[in-house]
Amino acid sequence: MIKKLKRTILLFLAIILILLPSINIIFPILFNTKRVFVLTFLCIIGLYIACNKEQLSRILKEFFLFNKKISAGIMFIFIFGFISSVLSQYPVYGVLETATYFLLFVGLFFFISLYRENSRIYEYGFLIIIVGMVLLYFIRFIPSYINHYFIAGFPLFPSSDFLQLYSNGEPLYPEPFLGFINVRFLNHLHTWTMPILTWGIIRIPAKHWALKYAGFFFLSFWWMLVFAADARGTMLATLTSVVITLLIFRRQILRWLKIHLGASFSGFILYLVFFKFFRTGGRDLFRKKLTDQARPELWGDALELIAENPIFGVGPMHFADYSYSFLAGNPHNIYLQIASEWGLIVFIILVIICVYGYSKWVKFCKSKSQSEPNKSDSTEITKLAALTASMTSAAAHGFVSGIIYTPLTQLIMIIVLGWVIGIYLNRVNTLTRVEIPKIYYYLSRIIIIAAVASTVIFSVHTYQKMNRILYNTHQD
């Protein structure tokens, strides 16, 4: 029964990540559709863990395998976040945001546990999900692109503004396809997934050369959309991650690097062919200014909020209400947003934890690569490189975007981090040596159920106001 339930949960995850970038199912607002499904998934995981003693025990043991100071710091972050929420102008929003991130944290340990149970299925499953996501997006993209040639005024990707005409209540023309309320949300997926897709191509056996070429084509297509959307954040983040990853692994990842950079070049050629030579449209990569006047103003707003509220911040999910410029719902910098909303104490603790974790991972990767100096481009080394590049790209992209705040990328984030931490913790062969006091089981269940209840109740309560905010924010 438990195994069937877990399989159902994972099937639901696959449906979310494969379908939702391309298909709007419930709400007229795309962001809300994705958010509802992601929150539903997180609540299901929370209840599954709270009601499953064996799974809860395993997750608690995974958590306490961490450095004790790190574990204490994580607990402090959520306690401080809750206090900040209660003290904020709109406690409902603050508690909702804090509960969401707590459930993401619980989900992270669900994926860590899942990886350690069966790493092979985890890796293959995630690759299949990413490929399915890209393939379905390609299938939806092509008709919309073709319509641009045959329907007057039909916009070219990534624009989705089109005067829709109706006859007897039925639309005369199909809607332009983007799949997201803002193209930058799609670019966040690009940032996380492209390094891993590159590893997936390497993972295909040489005898299946047709699959390798197909994988390269779809990775190039993914890159083409990056150039068409003028996603400079993704481009710069990818360049940063490539440099750092190359410094860590050096010559051992040349094959991964060639495919990664080769696909970006092929994607650029596809962009020139389909967005410049055949038709003028899209975001003009060559005429776009290198600076965005909105970002400095938003960063200035965040810095003012930090100066005025250094300890507790203005409260989670409160930047949109306090931003003086009213340009966006976030400052397009995850670090400034965390500091301004959660306070400097939480920000400093979080930075210490992330730097500590990243340095441990880099040390682990270097040790692994040095232990296999003659295995250049081995599947294991290139996998570590792909995960390093994915994390590094996201961290770099966070300086100019809200990459950890969009629904689907939150799921991708905990899957990738679960994969990384799972690999790292696999050095520990057993969990039996970790003793968990019984009181922790009771407290964990109470907190998880409270987080689930808060998420459900407050999401419903704030739905209409969130709609109004989302229509007027998230401009990149």
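Note: Y137 and F180 have tilted aromatic rings, judged against thresholds of 30 and 60 degrees for the angle between ring planes. Between Y440 and F64, the ring planes lie parallel to each other; the angle is under 30°, not in the 30° to 60° tilted range.
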Can you check side-chain hydrogen bond (donor to acceptor under 3.5 Å, both in side chains) on Q410 and Y101, steps first, answer last? CA-CA 9 Å; Q410 288 178 334; Y101 275 93; 3.2 Å; yes

If you apply the rule side-chain hydrogen bond (donor to acceptor under 3.5 Å, both in side chains), what do you find for T392 with S241, and how did you get there? CA-CA 5 Å; T392 306; S241 71; over 6 Å; no

Given T191 and T234, is the side-chain hydrogen bond (donor to acceptor under 3.5 Å, both in side chains) satisfied, shown in steps? CA-CA 6 Å; T191 299; T234 296; 3.0 Å; yes

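Remark: R116 engages E62 in a salt bridge, criterion side-chain N to carboxylate O under 4.0 Å.
With rounding to the nearest 0.5 angstrom, the CZ atom of F185 is 6.5 Å from the OG1 atom of T406. F41 CZ to L411 CG: the interatomic distance, rounded to the nearest 0.5 Å, is 6.0 Å. Note: E123 CD to I196 CD1 = 10.5 Å, rounded to the nearest 0.5 Å. Note that CG of L42 and CG of L104 are 5.0 Å apart. Values are rounded to the nearest 0.5 Å. A distance of 4.0 Å separates CZ in F126 from CD1 in I412, rounded to the nearest 0.5 Å. Rounding to the nearest 0.5 angstrom, the gap separating the CG atom in L197 from the CD1 atom in I202 is 11.5 Å.
A donor-acceptor pair under 3.5 Å is formed between the side chain of T409 and the backbone N or O of I403. One N or O on the side chain of T382 and one on the backbone of T379 form a donor-acceptor pair closer than 3.5 Å. Of the possible donor and acceptor atoms, one in the side chain of R184 sits under 3.5 Å from a partner among the backbone N and O of A229. Remark: side-chain polar atoms of S340 are paired, donor with acceptor, to backbone N or O of L336 under 3.5 angstrom. In this structure a side-chain-to-backbone donor-acceptor pair under 3.5 Å is missing from H260 to K258. Judged purely by atom type and a 3.5 angstrom limit, W299 has no side-chain atom pairing as donor or acceptor with the backbone of V400. Checked by atom type and distance alone, the side chain of S367 never pairs as donor or acceptor with a backbone atom of K363 at under 3.5 Å. A donor-acceptor contact shorter than 3.5 Å is absent between the side chain of S57 and the backbone of K53. Q252 places a side-chain N or O within 3.5 Å of a backbone atom of S369 that can act as its donor or acceptor partner. A donor-acceptor pair under 3.5 Å links the side-chain atoms of N333 to the main chain of F399, judged by distance alone.
Remark: K61 fails to qualify as a cation-pi partner of F109 under the 6.0 Å distance and 45° angle criteria applied to the six-membered ring.
Taking the ring centroids of F221 and F141, they lie under the 6.0 Å cut-off. Centroid-to-centroid, the aromatic rings of F177 and Y145 stay 6.0 Å apart or farther. Aromatic pair H188/W192: ring centres not closer than 6.0 Å. Taking the six-membered ring for Trp and the full ring otherwise, the centers of F105 and F78 sit less than 6.0 Å from each other. Under the 6.0 Å cut-off for aromatic ring centres, F227 and W223 qualify, their centroids lying closer than that.
Screening W419, F364, Y358, W361 for a ring pair (Phe, Tyr, Trp, His ring centres under 6.0 Å) with Y424, the sole residue that qualifies is F364.
A heavy-atom distance below 4.5 Å is found between the side chains of L39 and S459.
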Using a 3.5 Å cut-off and no angle test, enumerate the donor-acceptor pairs between side-chain atoms of residues 208-215 and protein atoms at least two apart in sequence or in another chain.
{"from": "K212", "atom 1": "NZ", "to": "I201", "atom 2": "O", "distance (Å)": "2.8"}
{"from": "K212", "atom 1": "NZ", "to": "I204", "atom 2": "O", "distance (Å)": "2.8"}

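The neighbour count for F265 CZ, taken as heavy atoms of other residues, nucleotides or ligands under 6.0 Å away, does not exceed 12. Within 6.0 Å of the CD1 atom in I121, the count of heavy atoms belonging to other residues, nucleotides or ligands does not exceed 12.
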